[in-house]
Amino acid sequence: MGILGSRFQLSSQGPEEATEGTSTNRKHSCECKKRKRNAQCDCDSEQEEDDGILDTPRSRKKLKSTSKYIYQTLFLNGENSDIRICALGQEWNLHKVYLCQSGYFSSMFSGSWKESSMMEINLEIPDQNIDTEALQVVFGSLYRDDVLIKPSRVVSILAAACMLQLDDLIQQCGETMKENISAKTVCGYYACASIYETPIVACMMWLLSLFTIHKLVSICYRVEVMEQLIQSSDLFVMQVEMDVYTALKKWMFLQLNPLWDGPIKQLLADADAWLCKRRTDLCEKEPFLNTDDGVPFRSVFNFVRLQYIINDLASARILERDNILPPDWLTSVYKNQWFAMLRTEFENDNGPQEPNKDEFEQSSMRCGRKLIKDGDYCWRWTGFNFGFDLLVTYTNRFIVFKRNTLSQPCGGAVSLQARRHLAYRLRLASFDSRGKLVCSRSTGYQLLTLEKDQEYVVMNLDSRLLSFPLYVCCNFLYTSPQSDHRPDSSEKDRSAHSVS
């Protein structure tokens, strides 16, 4: 050992220093033997340094950790058990001191319940999501530091953890669900999170994006889930609001015709044919949502933002043809839009100038665009927007808004007012082949003022984070609420500002 130790030192010392060091070490070794046994020897520290340099033999037996020993001896082997738990035809020999980590058992054993003195307890499991494998994991988690939760088992484990009131395990289940949300798992995870009252924000965001981006109308969303989706301003709408109405029409058709198994491209045509057949064969003059079959879907269709459908002639005609919506719904929307147009024309309503997030969340226009690959894009969304012809451009990783007035041809009326205001929010998202989110960005709620033909850079994207296809989703509010409108004459000069 001494010779090997000297070789290591020679690599970092000169010849003279090495020779001197070797002599000193030998002398020190002789003096150590003369010292009392209870005296501290400096050789110990040097030996530790040598141990750090030398490799530990691979054949050295690995010591079992305390956690693994407890799990194996007490949980798996059940040694020194003082309580037996019976459930779903299986028995576990456990220990009260470990079970008391569970709020469920802690209350049972600490109170005046009869179970506090029993040696065997039969658990009733009313939740069908809980099975013996889930109970094995949950009971075992009380005897170890870490638990591996498989995504395919997370629902059952969450159910058992909620029953036994294990907050840390519930939180871990939530993290597992969040990390494994995809097009295949999101609906099941959302339903599970709703039942067991765990955080569902991530699931909700996935559903908001999946409903229109991936067009998963064939999934049997419950009515209450659809209500939350359709009313949200965070819904990823690809193209325009009319696409939300169309998706709902297909979804409703599938709920009422569960045996339909045609190709997805044929779904809309079959849904229209089915509605037409009902009107013809049953001589139905009542709007479909007023019929017995249609009443369950009224609450969902009520959240469609019809003001952004009737602003397009072709879409308005489809609403009339389908006869799904009650006439009084449309009458109210037509009236409100007419007055909004008159305020823009005669009261100089140039758009929202003051922050009003509530109005924006409830009434903003929802629209989007899918960019297949990197390149140059320029587009506008169809429909009458009170003379505000907004062009959106994507080029060189920049997204730009332009208020078109005179520079580009436009098929509709264009406002010639010096300034126009709008509230907006722009979001980007891209997904992998499994439907899992890989990147996202958002501008947040913003107010913007544009002069004639003025351009404004909305977002500058990092090429390292870009992934295609890229989904661009926007919310716009072109008019101010009637109570908030004020003339533009007193407006201060400003270009754009953010609302926190």
Is there side-chain contact between [X] and [Y], with at least one heavy-atom pair below 4.5 Å?
X: Asn385; Y: Met365; value: yes
X: Ile149; Y: Glu175; value: no
X: Leu426; Y: Ile399; value: yes
X: Phe303; Y: Val244; value: no
X: Val223; Y: Gln255; value: no
X: Val237; Y: Tyr308; value: no
X: Arg425; Y: Ser442; value: yes

For the residue pair [X] and [Y], what are the closest heavy atoms and their distance?
X: Arg420; Y: Gly387; answer: NH1-C, 4.1 Å
X: Cys192; Y: Val155; answer: SG-CG1, 3.9 Å
X: Arg298; Y: Trp329; answer: O-CH2, 3.5 Å
X: Ala418; Y: Arg403; answer: O-NH1, 3.3 Å
X: Trp92; Y: Ala87; answer: CZ3-O, 3.7 Å
X: Cys378; Y: Thr393; answer: SG-OG1, 3.6 Å

Sequence neighbours excluded and cut-off under 3.5 Å, please list the side-chain donor-acceptor pairs for residues 316-328, or say none.
unit_1, atom_1, unit_2, atom_2, d
Asp322, OD2, Tyr245, OH, 2.7
Asp322, OD2, Lys249, NZ, 2.9
Asn323, ND2, Lys285, O, 3.4

Is a side-chain donor-acceptor pair under 3.5 Å present for Asn311 with Gln337?
no
Nearest 0.5 Å, what's the [atom1]-[atom2] distance between [X] and [Y]?
X: Leu428; Y: Cys474; atom1: CG; atom2: SG; value: 8.0 Å
X: Leu391; Y: Arg380; atom1: CG; atom2: CZ; value: 5.0 Å
X: Gln90; Y: Leu135; atom1: CD; atom2: CG; value: 8.0 Å
X: Arg441; Y: Leu461; atom1: CZ; atom2: CG; value: 5.5 Å
X: Lys402; Y: Asp389; atom1: NZ; atom2: CG; value: 9.5 Å
X: Leu158; Y: Thr176; atom1: CG; atom2: OG1; value: 10.0 Å

Main-chain N/O of [Y] paired to [X] side chain as donor or acceptor, under 3.5 Å:
X: Asn336; Y: Val333; result: no
X: Gln101; Y: Leu142; result: yes
X: Asn396; Y: Phe398; result: no
X: Ser467; Y: Val438; result: no
X: Asp453; Y: Leu406; result: yes
X: Ser141; Y: Val138; result: yes
X: Ser156; Y: Asn129; result: yes
X: Tyr104; Y: Leu166; result: no
X: Ser232; Y: Gln228; result: no
X: Asn257; Y: Trp260; result: no

Using salt bridge (charged side-chain N to carboxylate O under 4.0 Å, His left out) as the criterion, list what pairs up with Glu133, not counting sequence neighbours.
Arg153
Can you list the steps and then say if Met108 with Ile121 is a side-chain contact (heavy atoms from CB on, under 4.5 Å)?
CA-CA 11 Å; Met108 179 185 293; Ile121 295 177; 3.4 Å; yes
Determine, step by step, whether Arg278 and Glu286 satisfy the salt bridge (charged side-chain N to carboxylate O under 4.0 Å, His left out) criterion, reporting the C-alpha distance in whole Å, the side-chain angles of both residues, the deciding distance to 0.1 Å, and the verdict.
CA-CA 11 Å; Arg278 283 184 61 102; Glu286 280 288 314; over 6 Å; no
With side-chain contact (heavy atoms from CB on, under 4.5 Å) as the test, would you mind laying out the steps for His421 and Thr449 before giving the verdict?
CA-CA 4 Å; His421 316 286; Thr449 299; 2.9 Å; yes
For the rings on [X] and [Y], is their centre-to-centre separation under 6.0 Å?
X: Tyr478; Y: Phe386; result: no
X: Phe297; Y: Phe288; result: no
X: Phe476; Y: Phe401; result: yes

Is [X] atom [atom1] crowded by more than 12 heavy atoms from other residues, nucleotides or ligands, each under 6.0 Å away?
X: Asn122; atom1: CG; value: yes
X: Gln171; atom1: CD; value: no
X: Phe468; atom1: CZ; value: yes
X: Asn460; atom1: CG; value: yes

With side chain to side chain donor-acceptor pair (under 3.5 Å) as the rule and sequence neighbours excluded, what pairs involving residues 363-379 come up?
Glu241-Arg366, Arg305-Ser364, Glu359-Ser363, Ser364-Asn475, Asp374-Tyr394, Asp376-Thr395
Take Leu254 and Leu267, measure what side-chain contact (heavy atoms from CB on, under 4.5 Å) needs, and give me the verdict at the end.
CA-CA 9 Å; Leu254 291 174; Leu267 179 56; 3.8 Å; yes
Can you list the steps and then say if Met238 with Asp243 is a side-chain contact (heavy atoms from CB on, under 4.5 Å)?
CA-CA 7 Å; Met238 289 295 100; Asp243 293 281; over 6 Å; no
